[in-house]
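Data block below; observations after.
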Amino acid sequence: MQSLGLAIDWSRELATCDADYYKWNQWLFLRMLEKGIAYKKTGTVNWDPVDQTVLANEQVIDGRGWRTGALVEKREIPMYYFAITRYADELRSALDGLAEWPERVRTMQANWIGRSEGVDVDFPWADDTRALLEREGNLRVFTTRADTLLGATYVAVAAEHPIALAAAKGNPQLAAFVDECKRGSTMEADLATQEKKGLPTGLHVQHPLTGERLPVWVANYVLMGYGEGAVMAVPAHDERDFEFAQKYSLPVKTVIASTSGKYESVAAPWQEAFAEHGVLVDSGAFNGLSSAAAVDAIAATLASKSLGQKRVQFRLRDWGISRQRYWGCPIPLIHCPACGDVPVPDKDLPVRLPENLVPDGSGNPLGKTPAFYQCKCPTCGGDARRETDTMDTFVDSSWYFLRFASSGNNDAMVDARANYWLPVDQYIGGIEHAILHLLYSRFWTRVMNEMGLVKTPEPFANLLTQGMVLNHIFVRTSGAGRREYFNPADVDLVVDPATRESRATLKKDGSAVTYEGFGTMSKSRLNGVDPNLLTEKFGADTARLFMMFTAPPEQSLEWSDEGVLGANRFLRRLWKAVYEHVSNGGAVADADVRALLVAGALSPADRDLRRTAHQTLAKVEDDIGRRRVFNTAVASVMELLNAIGRHAADAGAAGAASRAVRQEALELAVMSLSPIVPHVCHELWQQLGQGGQLWRTRWRKADPAALVQDQVEIVVQVNGKLRGRVSVAPDAAEEVVKAAALADENVRRFFEGREPKKVIVVKGKLVNVVV
RNA sequence: GCGGACGUGGCGAAACUGGUAGACGCAGCAGACUUAAAAUCUGCUUCCCGCAGGGGAGUGCGGGUUCGAGUCCCGCCGUCCGCACCA
């Protein structure tokens with residue numbers, strides 16, 4: 001790693017599993033607890049009833065535990081949360097300031113936070129329901145389409161909603177349905193694709209405006225975690241409600257007239273236009289209002305009756321950090337039968353994670369380790385139980401960059417050095433972190449900012465989301481279904497050019513293995529590349545050049561041994577070009593170069609090379625500095641080297657002036673490539689007679705005089721098709737360019753006998769003749 | 001299902017602001033050097049027609065806007081990433 005020349009400051013190396021690090025997770029958790037940013041409430045987890053353990057989402061396969069095959073239940077357990085939603089608005093609006101972040105990441109975060117303006121609407125209980133439930137008050141729903149309120153034909157609540165649970169008490173069928181909803185996945189993707197199902201509760205509410213009696217249903221498409229866990233259903237103007245209403249024969253009442261003319265009344269099958277905004281109909285006093293105006297009017301009317309008000313709702317949920325796992329930072333709390341939940345005093349931090357436990361696959365080992373959980377209450381001194389949940393490891397990664405900047409300080413979480421270094425000038429991570437890690441880090445930094453611990457509210461000024469590195473996957477499946485992977489270095493892959501069929505055989509014994517194409521490099525698939533072997537064989541610069549040249553950084557990179565060889569070949573050619581130049585007449589001193597080039601009496605071939613060299617320098621500067629693409633920068637230096645080779649082979653370019661041009665061109669090639677290939681370029685810079693360290697040398701600027709061209713090629717099109725090329729002076733008048741284009745013999749063939757209708761001239765680029 | 005991206009030769013890719021599609025490289029083919037091979041160097045290399053000058057087609061598919069579309073718009077198809085307990 002060191003030899004790759006990445007300039008990492010290893011003296012600051014840290015590990016988030018060190019107590020010296022996670023102590024500060026605990027310390028900040030306690031500060032957040034004091035401010036109410038950390039709090040406790042129940043959350044839903046996947047519960048494996050056989051292993052008696054909480055499962056991660058990907059450990060639930062088709063609704064069953066991966067190890068036991070038992071049907072997984074959703075279970076509500078107490079958990080700790082960070083109130084990231086308190087920061088939702090600022091996290092969202094501050095995205096505008098992150099101009100150097102990729103647009104798509106900002107869009108993804110904005111959508112994730114998902115601000116929506118809507119109205120809380122209270123549906124009063126019907127008299128009989130109020131008597132039945134023995135409760136006063138209303139059923140509250142949140143809606144972004146208050147304009148469709150008069151089209152509401154029922155109200156639906158989530159299975160976990162208190163009303164659903166209350167109704168289920170005297171209703172075995174409903175209780176069974178609520179139970180059924182508890183099974184299955186907690187994943188949003190599964191919830192969104194599952195078949196819509198529901199049951200009536202037998203309870204009723206009154207429409208807040210008309211007093212109409214509406215039934216209350218339990219529906220599996222209503223999420224407890226969003227809004228109020230209850231919705232007003234408007235089948236005419238919401239696709240989910242429509243589907244549900246069709247299935248259970250509930251009434252559909254059209255209250256919006258299409259202004260785009262896409263429908264007259266709502267009927268099956270569902271059309272997207274039904275959900276469009278429009279003008280209100282069949283809505284009493286609100287008829288004729290636009291959707292936007294109606295939202296305001298209806299919200300005002302509801303407010304006057306104390307049955308609703310406008311509210312902003314975020315899609316973002318609070319961050320549940322409790323994990324029922326052994327690994328991770330212990331949550332610093334103690335549960336005392338007398339005093340309740342008591343924070344661990346700062347002086348007792350860190351709460352250390354025991355390092356000698358052996359997980360047995362069921363439950364959290366910490367919960368079975370009395371030495372860990374048995375403790376005394378810090379307040380009353382009585383017997384108490386330590387919290388055995390640990391923190392989400394995303395907590396660790398939310399601030400390690402701050403700790404990196406404050407390395408070695410055992411007295412404080414961060415110090416003044418964090419303010420010197422932060423925000424991070426250039427942060428790099430995979431696109432898979434676009435939402436969670438990057439949002440949690442932004443949240444965490446804001447919390448620390450608010451507490452006066454760091455000055456910046458945002459952690460990362462520039463963000464590059466790099467692609468993943470892929471390599472061939474070779475596998476052999478044994479009879480028992482075991483998959484044995486092979487490293488690509490141990491396999492010969494032959495692709496038939498005609499049939500494109502591939503054949504993979506083991507190098508050691510020629511036996512066949514299955515080729516599965518490209519996939520991300522991973523330990524489990526054994527398709528990684530050892531950087532040490534690579535640098536030993538080709539040097540660090542070859543590895544660097546290959547990676548920077550093969551694909552733009554945002555894209556995934558397919559590993560290719562031939563490509564590595566090609567990168568190495570190019571470096572050898574560069575080395576050889578410098579060597580041959582120097583051994584054939586010596587390096588030309590700076591003063592001599594200046595004297596010979598300023599003379600201005602260069603041959604056309606010399607001028608061409610000089611222009612190419614300066615163009616290359618300018619392009620590399622732009623590619624690396626502005627566009628942040630490196631593959632095209634490398635490509636342009638390759639072109640320059642090709643041009644230098646042709647120039648050197650030219651018998652007419654052996655004079656002193658030509659050698660001076662080549663000297664300069666080689667210097668610019670070496671300088672241009674040096675950010676990517678530092679070690680080789682450092683050496684070549686010396687070979688070219690330049691003193692000092694290349695990496696300390698000021699970047700040169702392209703010479704405008706060298707960039708001047710006396711002829712430029714103009715492309716001539718007839719009706720947009722390429723028909724010829726003409727050469728003109730770069731500052732030629734439009735009329736001159738036009739005349740030259742129309743005079744071209746091949747161009748004339750295409751409008752023979754007809755007058756051009758129109759001639760479009762794009763200066764310095766092309767002429768298009770329209771006939 | 002929702003959100004985000006991507007789709008260009010045999011392959012990785014380039015084309016930045018609507019203006020020469022395929023730069024640069026890999027692989028392949030031919031030639032030079034060599035007893036030979038490797039390495040190196042030179043040339044060719046999107047497909048089809050033509051001896052050639054040249055012509056036709058072509059950027060996932062179908063439409064549209066424009067003098068001109070890989071690029072912009074509409075509608076499809078496909079692939080990938082994320083969806084909150086993998087981290």
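Keep in mind it's a predicted model, so treat the numbers as computed, not measured. Below, chain A is the first sequence line, B the second, and so on; all start at residue 1.
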Short N/O separations, protein against nucleotides 44-47 of chain B, under 3.5 angstrom:
none

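- Atom C1' of B:rG18 sits at a distance of 9 Å from the matching atom of B:rU66, rounded to the whole Å.
- With a cut-off of 3.5 Å on both Watson-Crick or G-U wobble distances, the partner of B:rG1 is given as B:rC83.
- Residues satisfying the salt bridge (Lys or Arg N to Asp or Glu O under 4.0 Å) test with A:D650, not counting sequence neighbours, are none.
- Rounded to whole angstrom, the span from the CZ atom of A:F630 across to the C1' atom of B:rA14 amounts to 16 Å.
- Pair check for B:rG7 finds B:rC77; Watson-Crick or G-U wobble, both atom distances under 3.5 Å.
- In this structure, the CG atom of A:L470 is 11 Å from the P atom of B:rG12, given to the nearest Å.
- Applying the 90° cutoff around 0 to the glycosidic angle, B:rG9 is assigned syn.
- Checked against B:rA57, B:rU20, B:rC83, the side chain of A:R725 finds its nearest nucleotide in B:rU20.
- For A:S556, the side-chain hydrogen bond (donor to acceptor under 3.5 Å, both in side chains) criterion is met by no residue, not counting sequence neighbours.
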inquiry  = Show, in sequence, the C-alpha distance, side-chain angles and deciding distance for A:F570 and A:L641, and conclude whether the side-chain contact (heavy atoms from CB on, under 4.5 Å) test is met.
reply    = CA-CA 9 Å; A:F570 169 72; A:L641 186 64; 3.5 Å; yes

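- At whole-Å resolution of the value, CD in A:E745 and C1' in B:rG54 are 12 Å apart.
- At the phosphate of B:rA84, neither OP1 nor OP2 sits under 4.0 Å from any side-chain N or O atom of A:R317.
- Every residue two or more places apart in sequence or in another chain was checked for a salt bridge (Lys or Arg N to Asp or Glu O under 4.0 Å) with A:K757, and none qualifies.
- Heavy atoms of A:W559 sit nowhere under 4.0 angstrom from any nucleic acid atom.
- One can find a donor-acceptor pair under 3.5 Å joining the base of B:rC85 and the side-chain atoms of A:Q324.
- Not counting sequence neighbours, A:R646 has no partner by the salt bridge (Lys or Arg N to Asp or Glu O under 4.0 Å) test.
- Every residue two or more places apart in sequence or in another chain that forms a side chain to side chain contact (heavy atoms under 4.5 Å, CB included) with A:Q194 is listed here: A:L191, A:N220.
- Nucleotides B:rC73 and B:rU65 place their P atoms 16 Å apart, quoted to the nearest Å.
- The base of B:rU40 has none of its N or O atoms less than 3.5 Å from a complementary donor or acceptor on the side chain of A:R572.
- Looking only at atom types and distance, the side chain of A:N364 has no donor-acceptor partner in the side chain of A:D389 under 3.5 Å away.
- Looking at residues two or more places apart in sequence or on another chain, you find a salt bridge (Lys or Arg N to Asp or Glu O under 4.0 Å) between A:E621 and A:K701.
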Give me, pair by pair, the N or O atoms of the protein and of nucleotides 22-27 of chain B that are less than 3.5 Å apart, along with how far apart they are.
residue: B:rA23; atom: O2'; partner: A:E639; partner atom: OE1; Å: 3.3
residue: B:rA23; atom: O2'; partner: A:E639; partner atom: OE2; Å: 3.3
residue: B:rG25; atom: OP1; partner: A:N642; partner atom: ND2; Å: 3.4
residue: B:rC26; atom: OP1; partner: A:R569; partner atom: NH1; Å: 2.5

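- Of all nucleotides listed (B:rU20, B:rA84, B:rG1), B:rG1 comes nearest to the side chain of A:T193.
- The residue A:M79 sits close to a base: some heavy atom pair falls under 4.0 Å.
- Legend: side chain to side chain donor-acceptor pair (under 3.5 Å) pairs involving residues 758-771 of chain A, not counting sequence neighbours: none detected.
- A:Q709 is linked by a side chain to side chain contact (heavy atoms under 4.5 Å, CB included) to A:R611, A:V712, counting only residues two or more places apart in sequence or in another chain.
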Look for any protein N or O under 3.5 Å of an N or O in nucleotides 62-73 of chain B and output each such pair with its distance, or none.
residue: B:rC67; atom: O2'; partner: A:N768; partner atom: ND2; Å: 3.4
residue: B:rC67; atom: O2; partner: A:N768; partner atom: ND2; Å: 2.5

Extract all donor-acceptor atom pairs below 3.5 Å that involve side chains of residues 427-441 of chain A and protein atoms in other chains or at least two apart in sequence.
residue: A:Y427; atom: OH; partner: A:Y400; partner atom: OH; Å: 2.5
residue: A:Y427; atom: OH; partner: A:H437; partner atom: NE2; Å: 2.8
residue: A:H437; atom: ND1; partner: A:S441; partner atom: OG; Å: 3.4
residue: A:S441; atom: OG; partner: A:H437; partner atom: O; Å: 2.9

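- Between A:W399 and A:Y21, the two ring planes are parallel [angle under 30°; tilted spans 30° to 60°].
- Taking atom P on both B:rG68 and B:rA14, the two are 28 Å apart, rounded to the nearest angstrom.
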